[in-house]
Protein chains: 2
Amino acid sequence: MARLHKQIVETMVTSSGLKMTPQRRAIVNYLQDATNHPTADEVLQAVNEAFPMTSRATVYNTLHWLTEAGLVREVYEGAMVRYDPNTDRHHHFVCRGCGKVEDIISTQSGDLLSLSVPNDYQVENLEITFRGLCPDCKT
Amino acid sequence: MARLHKQIVETMVTSSGLKMTPQRRAIVNYLQDATNHPTADEVLQAVNEAFPMTSRATVYNTLHWLTEAGLVREVYEGAMVRYDPNTDRHHHFVCRGCGKVEDIISTQSGDLLSLSVPNDYQVENLEITFRGLCPDCKT
DNA sequence: TTGATTGCAAACGGTTTGCATGGGA
DNA sequence: TCCCATGCAAACCGTTTGCAATCAA
């Protein structure tokens, strides 16, 4: 289990000589419960409701830092970056109807897959993107 | 086997009431032998060497049409669209050293994987992105 | 001939950057 | 106090769009 958590961030931030600001707190707060793989802009919107007047630059700064620190994962979907607070090995389903991105829990499949890659390649991780229609859009 | 081929494009274009222009020919020509998953801009550069004065808009137009026609596949890599003339089920390895995108031939894996997805989701296809270091960058 | 296609340049949308101001530690 | 972080606005970069000129069929 590796899900973004407020306390972890607080300690990691301060222990690396950085500062914990209200803006960062608000961003982490929102992100830790987010299940919708928000874009930077969605984070900005949401945070500005909870904590008005957070700038775009700050949101990007924080997201970059969180990514760097391995507390959040970037998901590239259709030439747009989304942020996922769940850094466990898991996969994504992208609905071509509504565009929603949902988590697919990884079964044992993972390790099995490395077999397809020539062994002079050093595979560090893999992501599977399923595409199709979600239950709501299927009808 | 479903690899972009000049002749196929010619017939598909004309049979759908479109026109075959020198620019389109040049783009298809370049793409059909490309193994590097070029970006739109790389296509533009390359085509302008072979056939000077092709505009950005034309490249995008053609790439969109080719994608729509299923003759080419868009690969989303790091918030940037790349184009792949190979539309067969296959996967990609992205090197974190040099950024190169290489093809990984799909083994039997495909159908097996759908199992991880709840069956009220209608999976139409899946892509696997392996990340790590290629032989050259591994040292 | 004529409608699809092109080239151009401006617009667009997400992301990045520079810099002066502000605020944690 | 001292830097780190913030807000702002302009810059950036890939992509899209509008439009008049052009050219394949």
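Values in this document were obtained by computation on a predicted structure and should not be read as measured data. Chain naming here is simple, since letters A, B, ... match the order of the sequence lines and numbering starts at 1 in each. Hydrogens, waters and symmetry mates play no part in the numbers below; they use all other heavy atoms, side chains included.
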Flag if over 12 foreign heavy atoms under 6.0 Å of CD, A:Glu68 = no
N/O (side chain, B:Thr21) to phosphate O (OP1/OP2, D:dC23) under 4.0 Å | no
Hey, does the side-chain of A:Lys19 have a donor or acceptor N/O within less than 3.5 Å of a partner on the base of D:dC3?
-> yes
Euclidean distance, atom CG of residue B:Asn48 to atom P of C:dT6 [Å, nearest integer] | 13 Å
Below 4.0 angstrom from OP1 or OP2 of D:dT15, is there any side-chain N or O of B:His64?
-> no
Counting side-chain heavy atoms from C-beta on, which of C:dA25, D:dT6, D:dT17 comes nearest to A:Thr14?
-> C:dA25
Answer yes or no: does a side-chain N or O of A:Gln23 lie under 4.0 Å from OP1 or OP2 of C:dG23?
-> no
note: B:Leu44, atom CG; C:dC8, atom C1'; distance rounded to Å ~ 13 Å
Rounded distance in Å - OH (B:Tyr60) to P (D:dG18) | 17 Å
Nucleotide of D:dA25, C:dC8, D:dC4 approaching A:Leu18 most closely (side-chain heavy atoms) | D:dC4
Just checking B:Arg24: base, sugar-phosphate only, or nothing, at a heavy-atom cut-off of under 4.0 Å?
-> sugar-phosphate
Side chains of A:Asp103 and A:His92: do they bring a donor and an acceptor to under 3.5 Å?
-> yes
